[in-house]
Amino acid sequence: MAGWLLKTEPGTFGIEHLAGAPRRTSSWDGVRNYQARNFLRDQVQRGDQAFLYHSSCAVPGIAGIVTVTRAGFPDVSAFDRKNEHFDAASDPAAPRWYAIDVQLKRRFKRIITLEELRAHADGKLRGMRLLQRGNRLSVMPVSDAHWQFILTLE
DNA sequence: GCCAACGTTGGC
DNA sequence: GCCAACGTTGGC
């Protein structure tokens, strides 16, 4: 079972929104980056777990864990002219973008901050994608060793 | 709000 | 297919 990290902006759709959603479940859509899209379409499986990461906020960090309840499926927000993620180039017959469904599994007692994670960038978290320079991926794999170590930080 | 880093676009 | 210009991301 693979582990992932999903970035979200808490002001737009963070762990609080997910906690308040019906069945604590929501579609994870609006990803408009090919590398992230490939992960959603080809690799993320139902049952996988992912860290929910808050970015573009006062205290960036990991807020909790979600479970994937539906593997990659075409992102219909790309077909909706009124949606902010509308993409005229995505053809319903050959969808360009993909979404997944996620359910909130557990909210951490506190945010595991980016600062804390960075403190281990040359140690236990060496090579973690999130910590690499200029990283902008919104969906990325997390190795089992990194996953286990991060859990001990809570 | 700044700005470095990166991805995408489009002219050639 | 190159690469400059542009737009976006995201920490600070």
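Letters go in sequence order (proteins before strands), and every chain restarts at 1.
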Using the rule side chain to side chain donor-acceptor pair (under 3.5 Å), only one of R96(A), R41(A), R32(A) pairs with D75(A); which is it?
R32(A)
Whole angstrom value for the distance that separates C1' of dG11(C) from CG of L117(A):
14 Å
Quick one: N135(A) CG to dT8(C) C1', roughly how many Å, whole number?
14 Å
Looking at F39(A), does the NZ or CZ of R37(A) lie under 6.0 angstrom from its six-membered ring centre and within 45 degrees of the ring axis?
no
Considering only side-chain heavy atoms of N33(A), which listed nucleotide, dG10(C), dG7(B), dC12(C), is closest?
dG7(B)
If the cut-off is 4.0 Å, is Y53(A) near the phosphate of dT9(C), judged by side-chain N/O to OP1 or OP2?
no
Whole angstroms only, please: what is the CZ-C1' distance between R37(A) and dG7(B)?
14 Å
If we ignore hydrogens and angles and just use 3.5 Å, is the side chain of K7(A) paired with the main-chain N or O of L137(A) as donor and acceptor?
yes
Nearest-Å distance for atom pair CZ/C1', residues R96(A) and dT9(B):
12 Å
Can you check the L114(A) CG to dG10(C) P distance for me, whole Å?
11 Å
L137(A) CG - dG7(B) C1' separation (whole Å)
11 Å
Do the side chain of T25(A) and the main chain of R23(A) share a donor and acceptor less than 3.5 angstrom apart?
yes
Choosing from dG7(B), dA5(B), dG10(C), which nucleotide comes nearest the side chain of R133(A)?
dA5(B)
Interatomic distance, Q35(A) CD vs dT8(C) C1' [rounded to whole Å]:
16 Å
In whole angstrom, what separates K7(A)'s NZ from dT9(C)'s C1'?
8 Å
